[in-house]
Amino acid sequence: MTHESKLPNIETTIFAVMSGLANKYGALNLSQGYPNFKGDQKLYDLVNAAMNSGYNQYAHMYGSQDLRLAIKNKVELLYKTTYDPETEITVTVGATQAIYTTISTFIKKGDEVIVFRPAYDSYIPSIQINRGIPVSIQLLKPDFRIDWEDVKQKINSKTKMIIINSPHNPSGTMLTKDDMLKLQELTKNTNIVVLSDEVYEHLVFDNEQHLSACMFPDLKSRSFVISSLGKTFHNTGWKIGYCCAPKHLMDEFIKLHQFTVFSVNHPTQKGIADYMQEPEHYLEIPQFFQRKRDLFLDAMKNSRFKFTPSKGTYFQLLDYSEITDENDFEFAKRLIVEHGVASIPTSVFNKNKLDQKVLRFCFAKTDETLIEATKILTKL
Ligand code: PMP
Ligand code: GLN
């Protein structure tokens, strides 16, 4: 049987490729974004308790009532705005499903979607499978700032969606208030939907504040705000996330969600909902990761890599242009095979695979792993 591929140019995700190589060569894995340490035992106990006390059948299709309420309370506490948990919050199979379903709900053949590159690697295929057209705007090292004049030029009657991601994977930069106001201004009086990928909302350093799209009223009225509870609570393998959007947008989202997912793993939802009753559990996350970032960067000061400290996410870009001319993929592979440290080459996230000679390192790792990795990297 032969068939025409619907995604002829899509390659295996870089996260599977680099973690695969890290495993094959026994390298320290600072590539894929996940912690190599356990989450909080209290959370595991709550999920177990939920399972043992009967939360084992289908949850409500928008998500368990308890979890939607916990999300509503968190958003109110952090961003001083409210979503109706009955109609405006949906729990999803990780942020990835929220992203895919949002795009599939709104993007039709020929619709244009503005994507800032480097971009998380699920955005473009999710647009293309729906026959939409990604319109890429390349951001450049070291500050990866958005030129809003350029965005203005690219908006036209076919523009259906703009995807933003702050804190930004892989650059570790954040959108400022001025950025958010510019986006709000440019989309005012249009039908553009904003997909705001905020999976690293709790990983913000140096006393900066994460600015959610829901804090800006006109932006909120057109946005899906997407987050990842797997990322937030150190359990990426649980694949649990959520999105918030105004009712008229969520009504459309749920039409697709109900027939692709229906509802998400119930005991995990219940356990996380109980865990979120104590806001400290998410309020303490920045300090935890800032210490790890600083541990990693203090050691890297003595290396030939150049860097601007990550402002958010648990990723740090390291510029290796003083070490070698190799392209980033070749260098990342050699780092694994010859030196035993795995990272992510960032060209795969760029327009036309632009090679900016920066690798992404994940510092959500034990102190031992980070110290061992820096010992190797500082010798290069
Ligand atoms: N968006 C970004 C920017 C990410 O880095 C990730 C990876 N966590 C996701 C979305 C997907 O999150 P999840 O694992 O919850 O599907
Ligand atoms: N978000 C994670 C990263 O950026 C990986 C997610 C995945 O492997 N799909 O590393």
Side-chain angles (χ1 to χ4, degrees), residues 10-23 29-36 39 63 67 71 90-103 115-127 139 144 163-175 194-204 210 212-213 224-244 257 260-261 264-265 268-269 272 282 285 289 310-317 332 342-350 358-365:
I10 297 299
E11 298 165 0
T12 305
T13 170
I14 194 69
F15 306 117
V17 171
M18 298 318 279
S19 273
L21 284 174
N23 287 338
N29 191 358
L30 275 60
S31 66
Q32 203 172 8
Y34 64 87
N36 71 340
L67 184 54
I71 293 166
T90 301
V91 179
T92 56
V93 183
T96 308
Q97 184 237 319
I99 292 165
Y100 181 77
T101 304
T102 302
I103 293 171
V115 182
F116 300 101
R117 315 286 294 271
Y120 182 60
D121 72 347
S122 85
Y123 303 160
I124 304 262
S126 304
I127 296 164
L139 309 179
F144 297 88
I163 301 181
I164 55 170
N165 169 218
S166 180
H168 182 243
N169 177 9
S171 73
T173 57
M174 296 205 306
L175 294 178
V194 170
L195 187 165
S196 186
D197 180 345
E198 303 182 15
V199 302
Y200 301 104
E201 62 176 322
H202 300 293
L203 280 85
V204 170
H210 167 66
S212 173
F224 276 79
V225 172
I226 294 175
S227 193
S228 169
L229 296 162
K231 283 273 162 185
T232 297
F233 296 121
H234 313 319
N235 301 296
T236 60
W238 290 1
K239 289 301 303 187
I240 180 163
Y242 66 87
C243 57
C244 303
H257 176 80
T260 45
V261 171
V264 173
N265 184 305
T268 317
Q269 291 194 59
I272 292 177
Y282 46 85
I285 295 169
F289 280 113
S310 171
K311 291 192 166 76
T313 75
Y314 44 48
F315 303 118
Q316 177 64 51
L317 289 186
S343 60
I344 296 284
T346 54
S347 58
V348 291
F349 306 133
N350 286 340
V358 283
L359 298 178
R360 191 198 80 177
F361 292 81
C362 173
F363 53 81
K365 306 293 165 185

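This chain uses plain numbering: 1 for the first residue, then up along the sequence. Numbering of ligands and ligand atoms starts at 1, following listing order. Source: prediction; values computed, not measured.
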- Winner among D197, I163, V199 once heavy atoms are compared against atom 1 (N) of ligand 1: D197

- Message: Is the distance between the ring centroids of F289 and Y314 under 6.0 Å?
- Response: yes

- Message: With a 6.0 Å cut-off (strictly less than), is the heavy-atom count around NZ of K239, excluding the residue itself, greater than 12?
- Response: yes

- Message: When you measure from the heavy atoms of H168 to every atom of ligand 1, does any distance fall below 4.0 Å?
- Response: no

- Message: So for ligand 1, is F315 a polar contact partner (N or O within less than 3.5 Å, distance only)?
- Response: no

- Query: Which one of T96, T236, L229, T92 has a non-hydrogen atom at the shortest distance from atom 16 (O) of ligand 1?
  - Reply: T96

- Message: For N165, state whether at least one heavy atom is located under 4.0 Å from any atom of ligand 1.
- Response: yes

- Any N or O on Y120 sitting closer than 3.5 Å to an N or O of ligand 1? no

- Query: Can you pull the salt bridge (charged side-chain N to carboxylate O under 4.0 Å, His left out) pairs that have at least one residue in residues 11-21, sequence neighbours excluded?
  - Reply: E11-K353

- Message: Yes or no: does T313 have any heavy atom under 4.0 Å from an atom of ligand 1?
- Response: no

- Contact between Y34 and ligand 1, counting heavy atoms under 4.0 Å? no

- Only one of N169, T346, T313 forms a side chain to side chain donor-acceptor pair (under 3.5 Å) with R360, so which one is it? N169

- Query: So which of E198, E201, H202 actually passes side chain to side chain donor-acceptor pair (under 3.5 Å) with S227?
  - Reply: E201

- The protein residues that pass the under-4.0 Å heavy-atom test against ligand 2 are F15, Q32, G33, Y120, N169, Y200, K231, F315, R360

